[in-house]
Amino acid sequence: MRKIKCRKISKGIGEGISIVSNVPISFLGDVDPNTGLIVNKSHPLYGKSIEKKVLIFPTGRGSTVGSYILYQLMKNGKAPSAIIMKEAEPIIAVGAIISNIPLVDKPESFEFKDGERVIVNADHNEIIIYEEG
Amino acid sequence: MYLTPKEEKILAGEEGEVKQKALEILVAIGEIYNADRLIPISSVQIAGVSYKTIGDAGIEWIESLTSTKFSVPTTINPTGMDLELWESMGVTKEFAEKQMRIINAFLKLGAIITCSCTPYLIGNLPKFGEHIAWAESSAVCYANSVLGARTNREGGPSAIASAIIGLTGNFGYHLNEMRNPTLKVKVEVELNEESDFGALGYYIGKRVGNGVPYFVGIKSASNDELKSLSAALAASGGVALYHIKDITPESNLVKIDGLEEINFTKNELKNSYDELSTIKEGKVDLVCLGCPHTSIEEIKKIAEMIKGKKVANNTKLWIFTSLPMKILANRCGYSKIIEDAGGKIYSDCCMIITPLENLGFKVMAVNSAKAAVYAPTLAKMDVVFTNLRKCIEIATLGEVK
């Protein structure tokens with residue numbers, strides 16, 4: 001188990017299996033709000049689901065409408081259980097807040113792997129990782 | 001970030017969940033941009049009002065807020081249709097029903113249902129130095145640059161949060177030091193009308209990104225020309241603020257030493273016109289004027305140009321404006337002249353966020369550089385960018401030669 005300090009952007013505690021993108025995500029266009037699948041063919045996570053995962057990516061891009069896509073994912077039960085970003089920006093921050101998804105940014109180190117069990121405790125500015133094996 | 005005891009209470013949920021969420025949004029954005037505190041604002045302009053833009057998720061979120069009221073004067077952006085004449089535009093009943101749900105939610109929240117991208121022409125007119133929280137990139141650019149008010153480029157939800165709470169984060173263009181220019185532009189060609197200013201804005205926006213251009217060499221500029229420049233700079237780049245020497249109010253207050261310089265000559269002007277058109281000749285089925293919404297002066301000019309002429313059979317001439325301008329145009333007789341020629345004046349909507357691609361149009365002629373930037377992607381249409389007189393000529397001929 002390791003702990004990483006970070007900064008709270010959207011409050012709460014969320015837990016799930018990590019899914020990591022090393023390139024930015026635009027929720028408008030990259031993610032299908034009905035299925036929670038990444039649908040942009042040129043995105044490295046194409047075809048994968050973010051539902052109930054801890055979604056980890058460097059930063060957001062694209063339209064402010066992206067905030068509403070996160071809200072729709074939450075309404076459809078397809079939202080990630082928490083989000084970790086290198087640098088948060090308003091589109092994802094707003095989307096996470098209105099959807100009650102814990103969001104943290106600026107982790108001490110941005111070294112994450114797919115498939116680890118992760119707890120994001122935004123209220124304590126802390127990420128806890130349970131490594132496999 | 002410092003929060004007052006009252007703000008702490010709102011964050012703790014003592015004034016209800018809607019206000020709590022709204023303040024969480026403002027605090028989070030403030031933290032991201034290192035604001036030291038929140039500051040009071042005097043007005044809000046909300047973007048993301050068209051159903052085409054925000055979809056079902058947007059409707060649901062805005063409806064979820066209606067247990068509260070906006071705390072400062074708040075105006076809203078255009079919708080996806082003329083709220084009265086939507087059927088004659090070819091908008092479907094399903095779309096209209098969704099659009100009216102959004103309007104009704106904003107009405108419950110206490111917004112003024114302006115449905116215009118030019119709030120500064122119809123009563124939401126901030127003063128010099130006033131802090132505001134505006135979305136709608138063209139209006140942000142106009143308010144900062146021409147009026148000397150202070151706003152960042154808000155998104156739809158953050159503007160709504162500011163309207164509820166009456167505050168915004170103290171960062172970015174609210175601060176003196178952020179209002180200094182980053183690029184000097186020497187304009188070495190005479191700019192004669194709105195489309196020329198649009199071409200300039202398009203060219204410079206692409207080069208300055210989200211910096212602050214400082215223009216020298218512009219001898220005069222009307223409000224309509226500045227409206228066009230503001231929209232183009234904000235659409236091709238991310239410009240929220242510019243200065244024009246001796247014309248805009250902060251131009252002699254900001255630091256201009258040591259700036260990188262670029263020139264805008266008759267070559268750049270011509271190339272910008274060429275780049276903004278996706279086709280050079282052929283049939284045009286729609287001529288759209290009013291991006292941003294036309295002023296009454298512009299409608300008058302259009303009426304003078306089209307008087308006694310006829311719009312071609314397979315072509316439409318649509319003019320987009322705000323409801324107050326439309327009523328003035330009716331009273332002054334401009335609407336009758338335009339309608340007798342076969343044109344239409346629509347309020348509340350615009351060529352970009354109305355679902356035009358579903359209405360069967362293929363080629364649009366515009367005198368707006370902003371519309372020319374967005375038409376190929378957002379409306380999926382080919383575009384001819386030219387001046388107002390040529391747009392009217394295209395409408396009467398049905399084609400561009």
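These numbers were taken from a predicted model, which means no experiment stands behind them. Scope of the values below: all heavy atoms of this structure, side chains included, with no hydrogens, waters or symmetry mates. Chain letters run A, B, ... following the sequence lines, proteins first, then strands; residues in each count from 1.
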Check your understanding: Step by step, would you call B/Thr114 with B/Ser116 a side-chain hydrogen bond (donor to acceptor under 3.5 Å, both in side chains)?
Key -> CA-CA 5 Å; B/Thr114 44; B/Ser116 177; over 6 Å; no
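Of the two parts of B/Leu26, neither the backbone nor the side chain holds a non-hydrogen atom closer than 4.5 Å to a non-hydrogen atom of chain A. Residue B/Ile160 touches chain A through its side chain alone, counting heavy-atom pairs closer than 4.5 Å. With a 4.5 angstrom heavy-atom cutoff, B/Ile32 touches chain A via backbone and side-chain atoms both. Only the side chain of A/Ala93 comes within contact range of chain B, with heavy atoms under 4.5 Å apart.
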Is there any N or O donor on one of chain B and chain A with an acceptor on the other under 3.5 Å, and could you list each such pair with its distance?
unit_1	atom_1	unit_2	atom_2	d
B/Lys21	NZ	A/Ile97	O	2.9
B/Lys21	NZ	A/Asn100	OD1	2.6
B/Glu24	OE2	A/Lys11	NZ	2.8
B/Glu31	O	A/Arg7	NH1	3.1

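Side-chain atoms of B/Ser43 never come within 3.5 Å of backbone atoms of B/Thr74 as a donor-acceptor pair (strictly under, hydrogens ignored). The closest donor-acceptor contact from the side chain of B/Arg150 to the backbone of B/His131 lies at 3.5 Å or more, if one exists at all. Put simply, the side chain of B/Glu97 never gets that close to the backbone of B/Glu94: no donor and acceptor are under 3.5 Å apart.
With a 6.0 Å radius and a threshold of 12 heavy atoms from other residues, nucleotides or ligands, B/Lys206 has its NZ atom above the threshold.
To the nearest 0.5 Å, atoms CD1 (A/Ile83) and CG (A/Leu55) are separated by 5.5 Å.
Residues B/Leu233 and B/Gly205 share a closest heavy-atom pair of CD2-N, 3.8 Å.
Within the 4.5 Å cutoff, no side-chain heavy atoms of A/Ile13 are placed close to those of A/Val120.
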